[in-house]
Amino acid sequence: MISNFNLLRDAAVKCEQKRVAVAAAADVDVLMAVKEASELGFADFTLVGDAGKIKSIADELSFALAGVKIIDEPNDAQACLLAVTEVSQNRAQLLMKGLVSTSVILKAVLNKEVGLRTGKLLSHIAILEAERFNKLLIMTDGGMNIKPDLQQKVGLIQNAVVVANRVLQIDVPKVAPLCAVEKVNPAMEATLDAAVLKSMNERGQIPGCIVAGPLNLNGAISKEAAEHIGLTGPVAGQADILLVPNIEAGNILYKGMVYFAGARCAGLIVGASKPIILTSRADSHDAKVNSIAAAVLLA
Ligand code: COD
């Protein structure tokens with residue numbers, strides 16, 4: 001089991017070398033992350049964006065661009081489509097979001113001609129490392145699916161299980177569909193979905209994991225809290241995957257962990273034919289490098 005980002009980075013270095021296509025790469029923060037990942041030996045890079053700007057930022061960063069391929073395309077939406085095409089034509093094995101809005105790159109990923117659709121649900125995964133926990137937590141979906149229905153929640157769990165298996169090396173992850181309370185309340189839709197997800201898991205409809213719910217956040221991640229509330233079973237207090245009820249809950253939990261608790265993090269989109277490294281401008285340099293490492297392990 002990979003329990004922290006240092007171990008995760010070590011594992012990424014040992015993986016077979018992959019190439020990452022970066023969409024709209026002309027940005028200092030993005031190129032700093034590319035430089036570090038390239039120096040650490042995680043991957044090679046194809047940078048799509050304004051070539052003049054990319055070269056001048058690289059100069060400022062003393063980044064020699066060794067092994068880097070540049071595709072000149074100053075328009076962001078076009079740069080996303082070209083970067084996606086690099087991946088769909090297998091000239092690169094991973095896609096990374098540069099300085100472009102999330103919805104623009106996601107639309108390129110979903111493009112019917114050149115995109116990376118598989119027929120499966122695409123979803124956002126955050127991996128979080130908080131000082132008080134001696135393991136990495138997976139949280140989904142605070143970045144793509146706005147208000148997932150029950151069927152989409154099944155897809156979110158399935159995508160998260162793949163990340164738990166391949167990136168965190170957890171064979172049978174424990175999944176907590178998060179709610180405000182730990183009992184079914186018909187007025188709270190998330191508790192109804194949680195109970196159904198648990199039942200679907202028990203009947204083999206969501207394999208490869210253990211789902212329990214409804215669970216509140218403390219009941220999901222703290223053994224002491226779970227005991228105090230009287231929650232039993234393998235997931236209570238020990239969840240590996242936190243399934244949030246909607247994008248707002250996920251986004252707030254993610255930013256709360258990072259800003260209040262100083263958590264280290266990584267962000268990915270999964271479910272496409274290849275992993276997508278998706279961090280925002282506000283994410284730290286550490287988060288960007290962690291995300292590249294996590295995607296390399298997933299690929
Ligand atoms: N998985 C697979 N296919 C999808 C998904 C998905 N999650 N979402 C849409 N599709 C397919 C649909 O089946 C359809 O064929 C096509 O894509 C277009 O569907 P729409 O019209 O519902 O989707 P769009 O293009 O309007 O929006 C898709 C987005 C992902 C852009 C949208 O859901 C979105 O903006 N999500 C939030 C992204 C965001 O702002 N994140 C930032 C939070 S930090």
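First listed ligand is number 1; within each ligand, the first listed atom is number 1. All of these numbers come straight from a predicted model, not from anything done at the bench.
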Checklist entry - Hey, is Thr102 touching ligand 1 through its side chain, its backbone, both or neither, going by heavy atoms under 4.0 Å? => result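 Just the side chain.
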
Checklist entry - So Asn165 and Val172, side chain to side chain contact (heavy atoms under 4.5 Å, CB included) or not? Walk me through it. => result CA-CA 8 Å; Asn165 293 157; Val172 185; over 6 Å; no

Kindly indicate whether [atom] is approached by any protein heavy atom to under 4.0 angstrom.
atom                    : answer
atom 15 (O) of ligand 1 : yes
atom 3 (N) of ligand 1  : yes
atom 36 (N) of ligand 1 : yes
atom 29 (C) of ligand 1 : no
atom 10 (N) of ligand 1 : yes
atom 19 (O) of ligand 1 : no

Next on the checklist: Would Leu47 and Lys69 count as a side chain to side chain contact (heavy atoms under 4.5 Å, CB included) here? Give the steps.
Outcome noted: CA-CA 6 Å; Leu47 307 177; Lys69 191 174 147 194; over 6 Å; no

To which protein heavy atom is [atom] closest, and what is the distance rounded to 0.1 Å?
atom                    : value
atom 33 (O) of ligand 1 : Met144 O, 3.7 Å
atom 8 (N) of ligand 1  : Leu110 CD1, 4.0 Å
atom 44 (S) of ligand 1 : Asn251 ND2, 3.2 Å
atom 31 (C) of ligand 1 : Ser103 CB, 4.0 Å
atom 42 (C) of ligand 1 : Gly143 O, 3.8 Å
atom 1 (N) of ligand 1  : Leu122 N, 2.8 Å
atom 27 (O) of ligand 1 : Lys107 CE, 4.6 Å

Donor-acceptor under 3.5 Å ([X] side chain, [Y] main chain):
X      : Y      : value
Asn201 : Val211 : yes
Gln78  : Asn75  : no
Lys18  : Phe42  : no

Checklist entry - Arg117 near ligand 1, heavy-atom distance under 4.0 Å? => result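 The answer is yes: ligand 1 sits under 4.0 Å from a heavy atom of Arg117.
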
Checklist entry - Do any heavy atoms of His124 fall under 4.0 Å from ligand 1? => result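 His124: no contact with ligand 1 (<4.0 Å).
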
Checklist entry - Where do Leu242 and Leu128 land on the side chain to side chain contact (heavy atoms under 4.5 Å, CB included) test, with the steps shown first? => result CA-CA 11 Å; Leu242 306 177; Leu128 293 154; 6.0 Å; no

Checklist entry - Does an N or O anywhere in Ile247 fall below 3.5 Å from an N or O of ligand 1? => result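 No: no nitrogen or oxygen of Ile247 is under 3.5 Å from one in ligand 1.
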
Checklist entry - Does Lys255 reach ligand 1 with a nitrogen or oxygen that is under 3.5 Å from one of the ligand's nitrogen or oxygen atoms? => result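 For ligand 1, there is no N or O atom that lies under 3.5 Å from one belonging to Lys255.
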
Next on the checklist: What verdict does the salt bridge (Lys or Arg N to Asp or Glu O under 4.0 Å) test give for Asp286 and Arg9, after you've listed the backbone C-alpha separation in whole Å, the side-chain angles of each residue and the deciding distance to 0.1 Å?
Outcome noted: CA-CA 11 Å; Asp286 181 65; Arg9 286 176 178 217; 3.1 Å; yes

Checklist entry - Quick one: do the Asn145 and Ser123 side chains pair a donor with an acceptor below 3.5 Å? => result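 Result is no, nothing qualifies.
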
Checklist entry - Is Glu227 salt-bridged to Lys223, cutoff N-O under 4.0 Å? => result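 Not counted as a salt bridge, because no side-chain N and carboxylate O are separated by less than 4.0 Å.
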
Item to check | Greater than 12 external heavy atoms within 6.0 Å of Lys55's NZ | outcome: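 Result for NZ/Lys55: open.
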
Checklist entry - NE2 of His285: more than 12 outside heavy atoms within 6.0 angstrom? => result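 Atom NE2 in His285 is packed in, count exceeds 12.
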
Next on the checklist: One pair to check against side-chain hydrogen bond (donor to acceptor under 3.5 Å, both in side chains): Thr46 and Arg19. What are the steps and the verdict?
Outcome noted: CA-CA 7 Å; Thr46 297; Arg19 181 166 283 273; 3.1 Å; yes

Checklist entry - Can you list the ligand 1 atoms lying under 4.0 Å from a non-hydrogen atom of Asn145? => result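 Once the distances to Asn145 are compared, the set is 7 (N).
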
Next on the checklist: With heavy-atom distances below 4.0 Å as the criterion, list the atoms of ligand 1 near Lys120.
Outcome noted: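 It comes down to these atoms of ligand 1: 2 (C).
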
